[in-house]
Amino acid sequence: MAVQKKEENKKNAILTTVIILWGLVFLFMKINIIGNYAGTLILTLLYLYMNFNLINLFFTSKRTTFKIYVFMLLDLVYLLRESFSLFSIFIYFTAMGILVYLIMKDEGKNKLPEIYQFAGFYTTIKIIFISMLIFL
């Protein structure tokens, strides 16, 4: 139990550090210390690493994490290809609903609050990431 708690604290610390780095890179981009192209690349890589840590914080099943990784990469490709519209938001939430359903099938209904917590946090991070890209 103590080892599991220690591991969870380590994962939380890594996730917090990445979120702080993400904010610092954005701030450095706004005050022109880091260029827009390099900053966007760094923000995207930090976004992927942050999602990787978030997934590992909530789930340990390889099957579940694989589904989320595939969703995350397809979502990122769709984000970088498409413009922001109501249709793309509808597609995102439909895909997120399907992902939550697939995770629930793997993890079970007893993990439903944890799955909803993950989906909410993941969507919040996504909204922040898109907002940062819009305001660059």
Side-chain angles (χ1 to χ4, degrees):
M1 185 76 165
V3 174
Q4 183 182 7
K5 189 70 168 170
K6 190 175 189 180
E7 185 69 27
E8 187 174 317
N9 287 341
K10 182 180 175 184
K11 289 179 181 180
N12 281 333
I14 291 172
L15 185 62
T16 304
T17 303
V18 172
I19 290 172
I20 291 170
L21 282 172
W22 203 30
L24 286 174
V25 169
F26 183 73
L27 180 68
F28 289 156
M29 287 175 63
K30 289 311 258 181
I31 57 177
N32 293 326
I33 293 175
I34 297 176
N36 282 341
Y37 293 114
T40 303
L41 178 66
I42 293 169
L43 282 176
T44 304
L45 292 174
L46 283 173
Y47 171 74
L48 289 173
Y49 187 64
M50 182 180 357
N51 284 325
F52 169 76
N53 285 316
L54 178 67
I55 293 165
N56 287 332
L57 184 66
F58 280 94
F59 305 107
T60 56
S61 167
K62 291 183 192 276
R63 197 170 158 175
T64 301
T65 55
F66 179 73
K67 288 176 184 177
I68 298 171
Y69 291 149
V70 169
F71 175 79
M72 181 179 62
L73 291 176
L74 290 175
D75 183 38
L76 188 63
V77 168
Y78 183 74
L79 167 73
L80 296 175
R81 284 189 63 244
E82 296 292 324
S83 63
F84 305 110
S85 66
L86 288 177
F87 182 71
S88 63
I89 293 169
F90 174 74
I91 293 290
Y92 173 79
F93 282 114
T94 302
M96 182 58 95
I98 292 169
L99 179 67
V100 166
Y101 175 75
L102 292 173
I103 293 171
M104 185 186 67
K105 294 224 14 137
D106 284 344
E107 298 288 323
K109 288 188 178 184
N110 59 343
K111 292 251 187 166
L112 204 53
E114 188 174 301
I115 295 168
Y116 286 151
Q117 185 181 12
F118 165 78
F121 196 62
Y122 182 83
T123 303
T124 302
I125 288 174
K126 182 73 171 180
I127 290 169
I128 293 169
F129 180 69
I130 290 171
S131 299
M132 284 182 164
L133 290 180
I134 289 173
F135 293 117
L136 285 179

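All of these numbers come straight from a predicted model, not from anything done at the bench.
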Roughly how far, to the nearest 0.5 Å, is CG of Leu24 from CD1 of Ile19? 12.5 Å
Atom pair CD/CD1 of Gln117 and Ile115 - distance to nearest 0.5 Å: 11.5 Å
Under 4.5 Å between any side-chain heavy atoms of Leu57 and Phe121, yes or no? no
Find out whether Phe71 and Ile98 are in side-chain contact, i.e. whether some heavy atom of one side chain is under 4.5 Å from a heavy atom of the other. no
State yes or no: do Leu73 and Tyr47 share one hydrophobic cluster built from I, L, V, M, F, W and Y residues joined by side-chain heavy-atom distances below 4.5 Å, directly or via other members? yes
Distance (rounded to the nearest 0.5 Å) between Leu112 CG and Ile103 CD1: 10.5 Å
Side-chain heavy atoms of Phe58 within contact of Leu54, under 4.5 Å: yes
Please report the interatomic distance CG(Leu21) to CG(Leu45), rounded to the nearest 0.5 Å. 12.5 Å
Leu41 and Ile128: same hydrophobic cluster, using ILVMFWY side-chain contacts below 4.5 Å? no
Of all heavy-atom pairs between Met29 and Leu43, which one has the smallest distance, and what is that distance? SD-CD1, 3.7 Å
Please check if Leu46 and Leu48 belong to a single hydrophobic cluster, counting links between Ile, Leu, Val, Met, Phe, Trp and Tyr side chain heavy atoms closer than 4.5 Å. yes
Indicate yes or no: at least one non-hydrogen side-chain atom of Phe52 is less than 4.5 angstrom from one of Met72. no
Do Tyr92 and Tyr101 share a hydrophobic cluster (ILVMFWY, side-chain heavy atoms under 4.5 Å, transitive)? yes
Test your reading of the model: is there a side-chain donor-acceptor pair from Thr123 to the backbone of Gly120, 3.5 Å cut-off? no
Is Lys111 atom NZ crowded by more than 12 heavy atoms from other residues, nucleotides or ligands, each under 6.0 Å away? no
Around atom OH of Tyr116, are there more than 12 heavy atoms from other residues, nucleotides or ligands closer than 6.0 Å? no
Within this structure, what is the CD1-CG distance for the pair Ile31 and Leu27, rounded to the nearest 0.5 Å? 5.0 Å
By the definition ring-ring contact (aromatic ring centres under 6.0 Å, His included), identify the one residue from Tyr69, Phe118, Phe66 that meets it with Phe59. Phe118
If you measure from CG on Leu15 to CG on Asn51, what distance do you get to the nearest 0.5 Å? 9.0 Å
Is any side-chain heavy atom of Tyr122 closer than 4.5 Å to a side-chain heavy atom of Met96? yes
Ala119 versus Val100, closest heavy-atom pair with distance: CB-CG2, 3.8 Å
I would like to know whether Lys30 and Phe26 meet side chain to side chain contact (heavy atoms under 4.5 Å, CB included); could you show each step before the answer? CA-CA 6 Å; Lys30 289 311 258 181; Phe26 183 73; 4.0 Å; yes
Could you go through the side chain to side chain contact (heavy atoms under 4.5 Å, CB included) check for Met50 and Phe129 one step at a time? CA-CA 11 Å; Met50 182 180 357; Phe129 180 69; over 6 Å; no
